[in-house]
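Submitted below is the structure of interest, expressed as structure tokens.
Whatever order the structure lists them in is the order used to number ligands and atoms, beginning at 1.
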Amino acid sequence: MGRIYFDHSATTPVHPDVAEEMLRYLTGKFGNPSSLHFFGREAKKAIEEAREKVAENIGAKNEEVVFTSGGTEADHLAIKGAVYANRKKGNHIITSAVEHHAVLDTCKSLEKEGCEVTVLPVDGYGMVNPQEVANAIKDNTIFITIMHANNEVGTIQPISEIGSIAREKNILFHTDAVQSMGKIPVDVGDLKVDLLSISGHKIYAPKGIGALYIRQGINWRPYNYGGGQERKHRPGTENVPGIVAMGKAVELAASEMEKENARLTILRDKLIKGITERISHVRLTGHPVTRLPNNANFAFEFVDGSAMLLNLDMHGVAASSGSACTSGTVSASHVLLAMGIPHQIAYGSLRLTLGRSNTDKDVEKFLELMPQIIERLRSRVS
Ligand code: PLP
């Protein structure tokens, strides 16, 4: 069975060029970058070259890029590093209800440490209103974190507007750009951010590598201790093959982005049109226009997300649903609920995220298959 992979926001396969580059640093060029000898210097050079590639593509200086173990660690470092460094100034953090758990749970942990957290609501498209950010700012506000693009519904937030507000009030501003990197332009200057997180495995690099942009001169401090790696910002022997892969993946994404976006937008729009025309009681979730070019997210009435996923999987289609099954109970997505979608409809959510491997044939096949699956599932309910 030819399988269709529509889950690129969960993870992507490693690009062959990235794998090739990386392999060199797994076998021959294996040195520890802290070693003074040839092998060490070779590894160190590779890290600095990768750093330059990442920095160049997000509009940063080389020394403003710190490699991490992924998006989650980059989010933690950004949030805790900024909050701990500014605790004397205040203890209030602003975030949104649709953030990834890497951000929401970090904010929650800071709440337990005495911080006050404002979780801003979103509109029906999952969008944060910059005016509400401005209204939430108080004398003790020290940090704002709002994601660039949502991982479930693909809605792109007005980051540069929020950045202007934060800058005017002299408050540190972080964005989680894990899902937007490689799909839409990500430039730290244009976005007016102080900190920005990215992850390798969403852009055809392997899992376990990410990066955090930390604007030079801001009040931020590391909270892990050990060796002096990454200029003491993130101690620990560097994941050289992962870092090399990240540099290559960022470079490739930038060179292919314009063409690939145009291609994926056509496929995405065909999916959206096809599903909403062929199936009743279904709605597109997320913003109709201001959304990632590869994201189509639907809420189907009278069907359960997990049943849809299992049926699709049986037919060779890999997708994902916002509803998650933990310890035998199904919970609806916090993102969809925050957007005001009722529980029973949020349970029937389906996320299709396109990528390099997808073709028009995949979309055609899916559009043939999906109405049959929905009809079968709904007939069981009634
Ligand atoms: N932030 C967002 C928006 C994500 O979608 C993800 C992963 O799905 C993460 C953070 C976590 O990234 P990582 O898997 O690299 O830890």
Would you call E364-K270 a salt bridge at under 4.0 Å N-O?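 A salt bridge is present here (some side-chain N lies under 4.0 Å from a carboxylate O).
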Mind jotting down which residue pairs meet the ring pair (Phe, Tyr, Trp, His ring centres under 6.0 Å) criterion with at least one end in residues 4-25? Sequence neighbours excluded, please.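 Applying ring pair (Phe, Tyr, Trp, His ring centres under 6.0 Å) to every pair that reaches into residues 4-25, excluding sequence neighbours, yields Y5-H8, F6-F366.
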Considering only non-hydrogen protein atoms, determine which one is nearest to atom 5 (O) of ligand 1 and report residue, atom name and distance to 0.1 Å.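 Among all protein heavy atoms, the one nearest atom 5 (O) of ligand 1 is Q179 NE2, 2.8 Å.
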With backbone taken as N, CA, C and O and side chain as the heavy atoms from C-beta onward, which portion of V103 lies under 4.0 Å from ligand 1: side chain, backbone, both, or neither?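 No part of V103 is near ligand 1 at this cut-off.
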Going by the atom numbers of ligand 1, which of them fall below 4.0 Å from some non-hydrogen atom of M147?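 Reading through ligand 1 atom by atom, the close ones are 3 (C).
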Please state which protein non-hydrogen atom is closest to atom 8 (O) of ligand 1 and give its distance, to 0.1 Å?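 In this structure, atom 8 (O) of ligand 1 has K202 NZ, 2.6 Å as its nearest protein heavy atom.
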Consider side-chain contact (heavy atoms from CB on, under 4.5 Å). Of V98, T175, D176, which one does Q157 pass it with?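 For Q157, the side-chain contact (heavy atoms from CB on, under 4.5 Å) check succeeds only for V98.
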Can you say whether the rings of H233 and W220 are parallel (under 30°), tilted (30 to 60°) or perpendicular (over 60°)?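 Geometry flag for W220 against H233: tilted rings.
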Below 4.0 angstrom from a heavy atom of S199, which ligand 1 atoms are there? Numbered from 1 as shown, please.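 Every atom of ligand 1 under 4.0 Å from some heavy atom of S199: 13 (P), 15 (O).
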Would you say ligand 1 has an N or O under 3.5 Å from any N or O of A149?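 There is no such contact.
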For D75, take its heavy atoms, then give the atoms of ligand 1 lying under 4.0 Å from any of them.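 Under 4.0 Å from D75, ligand 1 has these atoms: 1 (N), 10 (C).
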Which atoms of ligand 1 are found less than 4.0 Å from any heavy atom of G70?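 Close to G70: 15 (O).
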Is any side-chain N of the basic residue among K259 and E256 closer than 4.0 Å to the acidic one's carboxylate O?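 Not counted as a salt bridge, because no side-chain N and carboxylate O are separated by less than 4.0 Å.
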Shortest protein heavy-atom distance from atom 4 (C) of ligand 1, along with the residue and atom involved: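 Looking only at protein heavy atoms, the one closest to atom 4 (C) of ligand 1 is H100 CD2, 3.2 Å.
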Subset of ligand 1 atoms that lie under 4.0 Å from at least one heavy atom of T72: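 Going through ligand 1 atom by atom, the ones under 4.0 Å from T72 are 11 (C), 12 (O), 13 (P), 16 (O).
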Side-chain donor-acceptor distances from residues 206-219 under 3.5 Å, at least two apart:
from: K207; atom 1: NZ; to: T11; atom 2: OG1; distance (Å): 3.2
from: R215; atom 1: NE; to: D194; atom 2: OD1; distance (Å): 2.8
from: R215; atom 1: NH2; to: D194; atom 2: OD1; distance (Å): 3.0
from: Q216; atom 1: OE1; to: K61; atom 2: NZ; distance (Å): 2.8
from: Q216; atom 1: NE2; to: E63; atom 2: OE2; distance (Å): 3.4
from: N219; atom 1: ND2; to: A85; atom 2: O; distance (Å): 3.2
from: N219; atom 1: ND2; to: N86; atom 2: OD1; distance (Å): 3.1

Please determine if K44 and E48 form a salt bridge, counting it only when a charged side-chain N lies under 4.0 Å from a carboxylate O.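 Looking at E48 together with K44, the answer is yes, because their closest N to O distance falls below 4.0 Å.
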Can you list the ligand 1 atoms lying under 4.0 Å from a non-hydrogen atom of H201?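 The atoms of ligand 1 under 4.0 Å from a heavy atom of H201 are 13 (P), 14 (O), 15 (O).
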Short N or O distance, E73 and ligand 1, threshold 3.5 Å exclusive: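 E73 vs ligand 1: no N/O contact under 3.5 Å.
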With a 4.0 Å cut-off on N to O distance, would you call R51 and E230 a salt bridge?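 Here R51 pairs with E230 in a salt bridge, since their nearest N and O are under 4.0 Å apart.
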With a sphere of 6.0 Å drawn around NZ of K45, does it hold more than 12 non-hydrogen atoms of other residues, nucleotides or ligands?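 Not more than 12 within 6.0 Å, no.
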What residue and heavy atom of the protein are closest to atom 1 (N) of ligand 1, and at what distance?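 Here the nearest protein heavy atom works out to D176 OD2, 2.6 Å.
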Atoms in ligand 1 flagged as close to G71, the criterion being non-hydrogen separation under 4.0 Å: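 Here the atoms of ligand 1 in question are 12 (O), 13 (P), 15 (O), 16 (O).
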